[in-house]
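Remember, it's a predicted structure, so these values are computed and weren't measured experimentally. Positions are given from 1, in the same order as the sequence printed here.
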Amino acid sequence: MTGTRARFEAMWADLHPVGRSPVTAGYRRFAWSEADLTCREWFVGEAVRRGLDVTVDRNGNQWAWWGDPDGGGAVATGSHLDSVPDGGAFDGPLGVVSALAAVDLLRDRDVRPVRPLALVNFTDEEGARFGVPCAGSRLMTGDLDPDRARSLRDADGTTMAEAMSAAGHDPAHLGRGEEDLGRLGAFVELHVEQGRALVDRFAAVGVARGIRAHGRWRLDLYGQANHAGTTRLADRDDPMLRLAAAVLAARESADRHAALATIGKVNVEPGGTNAIPSLVRAWLDARGDDEAAVRAVVAAVGAAGAAEPVEESWSPEVTFGRPLRDRIAGLLGGAPVLSTGAGHDAGVLSGAGLPAAMLFVRNPTGVSHSPAEHADIDDCLAGVEALATVLADLLTGQS
Ligand code: GLV
Ligand code: MN
Ligand code: MN
């Protein structure tokens, strides 16, 4: 384990400064940005150093292969390296670093795989730049239309196609990766826990039961720009008031339907202190156990804001398949089994019919999508150990 600790810490130290804001200590590793490209280069370097063959699929996801990719029934593990705005260090990178560390551990233990192992860095998991989460895995499964993906725009008006091209990836071939999917027999994603369930259960590692239904909607609230000092209150058409009503409705209706609703991103045009806005654009994230409850919340928010919510993404509820989940829980000696409200590429792949599972590593702060996100090194190493145990079984046992 000493070797694992040193190797894990060295990889963590290499990634530490990439895309880190000196002001907030949060990460801004948006898909296809400079910081993301540095992370992608780092992934290639770590793979090559281990003698793994790197491929990039048509959708820009990076794969590092131990064994012949076409050997049949590959076991894949990994996560993502992009981040939300001012994200923590662990959401995504913990799964990728742990995957690399687990390969080293399997080799230390002279494990001889009878099927290929793929380490993956899924592109654009957070959807922070172009709005659609898990874009890389959704494109791969066919859940995201390639024409729509190419035309998604970031805040500066750059399309995903332009951003990919500038980064050296040809966007012409985006789309369902029949061959890429056909290579895989199972996917196991390790992730920092985004809550405190493992803290409460005194466990370093848990196994995912499922992912709650969730989606993102845009509200376009139009008004009339006018002078802040001369327009009588009675004469105003101020969309900011409708945003305020929508925000309050999000909270109230989420509470009523036992769901979650968040308005965390707002653009205001023209954005002058002394002008009534002409347009307030807001994004609603809504999640819950039950699709009907989530949709009821979205309808209530739209009604309060007097705008029709535009659906930008939808992720149905996922229950990870029992055979793989039970096999992993058994291997890990009764690790707690948890559901989560956070979206993951493992959920997308599971939804597409691939046996998929997740391991969670304890997060003592319980905070995520924030610089306060954390996992202690001993728990990270417990995660690597658990992942290596699972991979050894999947790579050498009956498929
Ligand atoms: C991704 O982390 C999400 O759940 O939004
Ligand atoms: Mn995340
Ligand atoms: Mn993540």
Exercise for review: Go through the steps for Glu385 and Arg109 under the test salt bridge (charged side-chain N to carboxylate O under 4.0 Å, His left out), then give the verdict.
Suggested key: CA-CA 12 Å; Glu385 182 65 45; Arg109 293 176 180 169; 2.9 Å; yes

Review point. Hey, mind stepping through His374 and Asp376 against side chain to side chain donor-acceptor pair (under 3.5 Å) and telling me if it holds?
Key: CA-CA 7 Å; His374 186 67; Asp376 290 336; 2.9 Å; yes

Point to revise | Ile211 reachable from Leu338 in the ILVMFWY side-chain graph, under 4.5 Å edges | key: yes

Review point. Given the rule that I, L, V, M, F, W and Y join up when any side-chain heavy atoms are under 4.5 Å apart, are Val18 and Leu100 in one cluster?
Key: no

Point to revise | Ring-face cation contact, Trp12 with Arg7, 6.0 Å cut, 45° max | key: no

Practice item. State whether Tyr27 and Arg29 meet the cation-pi test: NZ (Lys) or CZ (Arg) under 6.0 Å from the six-membered ring centroid, and within 45° of the perpendicular axis. Key: yes

**Study point:** Chi angles and distances behind the salt bridge (charged side-chain N to carboxylate O under 4.0 Å, His left out) call for Arg28, Glu34
**Key:** CA-CA 10 Å; Arg28 297 176 186 182; Glu34 280 300 312; over 6 Å; no

Practice item. Identify, with sequence neighbours excluded, every residue that meets ring-ring contact (aromatic ring centres under 6.0 Å, His included) alongside Phe122. Key: Trp63, Phe187

**Study point:** Under 3.5 Å: donor-acceptor pair, side chain of Thr77, backbone of Val188
**Key:** yes

Check your understanding: Given Trp65, which of Asp70, Thr55, Asp53 fulfils the side chain to side chain donor-acceptor pair (under 3.5 Å) condition?
Key -> Thr55

Revision key, fill the gap. In Asp36, Asp154, Thr158, Asp82, the residue satisfying side chain to side chain donor-acceptor pair (under 3.5 Å) with Arg129 is Asp154

Can you tell if the side chain of [X] reaches within under 4.5 Å of the side chain of [Y], non-hydrogen atoms only?
X      : Y     : value
Val120 : Gln62 : no
Leu119 : Phe43 : yes
Ser98  : Phe8  : yes

**Study point:** By side-chain hydrogen bond (donor to acceptor under 3.5 Å, both in side chains) - contacts of Thr159 (at least two apart)
**Key:** Glu162

Point to revise | Evaluation steps, side-chain contact (heavy atoms from CB on, under 4.5 Å), between Ser368 and Phe90 | key: CA-CA 9 Å; Ser368 187; Phe90 294 81; over 6 Å; no

**Study point:** side-chain contact (heavy atoms from CB on, under 4.5 Å) between Arg58 and Leu139, worked out
**Key:** CA-CA 9 Å; Arg58 56 199 294 183; Leu139 280 163; over 6 Å; no

Check your understanding: Who else is in the cluster with Leu284 when I, L, V, M, F, W and Y are joined by side-chain contacts under 4.5 Å?
Key -> Trp217, Leu219, Leu221, Met240, Leu243, Val247, Ile263, Val266, Val268, Val280, Val294, Val297, Val298, Val301, Trp314

**Study point:** salt bridge (charged side-chain N to carboxylate O under 4.0 Å, His left out) between Asp104 and Arg107, intermediate numbers included
**Key:** CA-CA 5 Å; Asp104 297 335; Arg107 288 173 167 175; 5.2 Å; no

